[in-house]
Asks: 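Got a structure for you, written out below as structure tokens; questions coming shortly.
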2 protein chains.
Amino acid sequence: MNLVRIQKLSISIPENLAEILEEEIIYGRLKSRERLTEEMIAERYGVSRSPVREALRLLERDGLVIREARRGIWVAPLSLKDFDEVYTCRIELEGLAAKYAALSNDTERKGEFSGLQNELTDAIKRNDAKQFFLVDVRGSLLTYTLADNKTLTRLLGGLEKQALRYRFHAYQQNPNILQLSFDDTARIYDAIRDGDAAKAQDLTENLIREIWQKMREGIRGSFGAE
Amino acid sequence: MNLVRIQKLSISIPENLAEILEEEIIYGRLKSRERLTEEMIAERYGVSRSPVREALRLLERDGLVIREARRGIWVAPLSLKDFDEVYTCRIELEGLAAKYAALSNDTERKGEFSGLQNELTDAIKRNDAKQFFLVDVRGSLLTYTLADNKTLTRLLGGLEKQALRYRFHAYQQNPNILQLSFDDTARIYDAIRDGDAAKAQDLTENLIREIWQKMREGIRGSFGAE
DNA sequence: GACTCGTACATTGTATACACTATGGTGTCG
DNA sequence: CGACACCATAGTGTATACAATGTACGAGTC
């Protein structure tokens, strides 16, 4: 977890550092409201403050950290209200993505959903939550690619990560969420592959709304007061 | 347009610099696809490259500039496809904002729409496009405030600016667009004030869709091939 | 004459040093 | 004992210097 690793992943340190920190935040190793200092991060990953600052700007863009001018930076707090906000927006945008993905003619790439479904099944069997989420994210990326809408992809990118934090938390409380999410995801993939845009959109919106409600009580219990 | 002006506006140079550059891009003083070099901007505004880099990250977040690692930065190109993308997303998100704004109980702030409508009327009379857009943006901000959804506001913030570029361009081609936009805007404000959420949402979505189609031919003529 | 290789330059990427601001503790005075 | 002022310190904000990289141009070769 040092400079060498970062540089090997790709050319740009800020982007890679941001990815690493994203993971730390999503999977709870960096906790909600935890204070982050630039120097601490810089030292920890063996880089200077310059790329760290840029990485933090990227995290700020995606709502994963909160910055107060000249005061500091904190991991963005999780709250019931924020959860509702994220899911309110996600419903519409994921619906759009599914709709336009279904309209795509790229049957070859649509075929990739089959492999993803198998991987999801596998992850479920092994009860490997992180692997499940990773494959699920790849499914989302495939959907966005098919939708062929950079703007939509950009917006959803800034929602997915925050949503994943809640999903991972909910999973830790109640692993059954994974199973529910799995069934839904499989059905959405099918709809997109079938090319029925209206159905894909409707299904996606309803299924995300359903998960939202199912997760909500657990989230309220954990973060309702915050 | 130097350091002093920037510092007086507020404490943070990157944010202010980003705002200034945003305006330059929206109103076409910095043209589509124009190359931007950090040093040029730094020199022009009398600051060093550090805050310039951060400002450019902010612009990148909102889709106003495109960055290619180690190659450089360009003003994001306008194109028919991008225009469609922005408006596809805007319809849904602005609809959501209108819906939740209508649901707000803050009658006092809702009253502010009246003043804005007067200012819009005034701007139309004087044929002052820039003033119109500025007031219109304030109306959007008021809507977002009422909607009380930080996530939605964050997403819409990254759409509005790009949308404004197209709107300003369309206005320059055909000033009547302003009149159309005015009628629509006034009706939306009324709906929000009335508190009819479903109507506000529906109206907003349909009216934005209508403007979208009305603008589309002009945009195609200008950027269709790009 | 066209194509490839190499070198110089322009520009981004990163590190480091310095400046400024916010915060917490301590001391003094009312 | 409490409140206010002052100072020390930590951490962000900005400037500058240096490193790395991509591009353009020209020389050399086939």
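Quick note: numbers below take in every heavy atom, side chains included, and nothing from hydrogens, waters or symmetry partners.
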Asks: Using a 4.5 Å cut-off on heavy atoms from C-beta on, say whether the side chain of A:R138 contacts that of A:E119.
Replies: yes
Asks: In terms of ring plane angle, is the pair A:W212 and A:Y87 parallel, tilted or perpendicular, where the classes change at 30° and 60°?
Replies: parallel
Asks: Think B:R33 forms a cation-pi with B:W74, using NZ or CZ under 6.0 Å from the six-ring centre and within 45 degrees of its axis?
Replies: no
Asks: Counting only side-chain N and O atoms of A:R53, is one of them less than 4.0 Å from OP1 or OP2 of D:dG13?
Replies: yes
Asks: For B:D82 and B:Q162, does a side-chain donor sit closer than 3.5 Å to a side-chain acceptor?
Replies: yes
Asks: For the base of D:dG11, is there a side-chain donor-acceptor partner from A:R49 under 3.5 Å away?
Replies: no
Asks: In terms of side-chain heavy atoms of B:E39, which of C:dT12, C:dA15, C:dT14 is nearest?
Replies: C:dT12
Asks: Give me the one residue out of A:E19, A:E22, A:E24, A:E60 that meets salt bridge (Lys or Arg N to Asp or Glu O under 4.0 Å) with A:K161.
Replies: A:E22
Asks: With axes from five pairs an end, tell me the bend angle of the helix from C:dG1-D:dC30 to C:dG30-D:dC1, nearest 10°.
Replies: 10°
Asks: What's the closest nucleotide to the side chain of A:E38 if the choices are C:dA15, D:dA15, D:dT12?
Replies: D:dT12
Asks: If you only use heavy atoms from C-beta on, which nucleotide in D:dT16, C:dT12, C:dG13 is closest to the side chain of B:R67?
Replies: C:dG13
Asks: Quick check for you: among C:dG13, C:dT16, C:dT23, whose closest atom lies nearest to any side-chain atom of B:R70?
Replies: C:dG13
Asks: Mind checking B:L36 for me? I need base, sugar-phosphate or nothing, with any heavy atom below 4.0 Å counting as a touch.
Replies: sugar-phosphate
Asks: Please pick, from D:dT12, C:dG13, C:dA15, the nucleotide with the shortest atom-to-atom distance to any side-chain atom of B:A69.
Replies: C:dG13
Asks: Using the side-chain heavy atoms of A:I13, tell me which of these nucleotides is nearest: C:dT14, C:dT11, D:dG13.
Replies: C:dT14
Asks: Can a side chain N or O of B:S48 be found less than 4.0 Å away from OP1 or OP2 on D:dA15?
Replies: yes
Asks: Could you tell me whether the side chain of B:T204 and the main chain of B:A98 form a donor-acceptor pair under 3.5 Å?
Replies: no
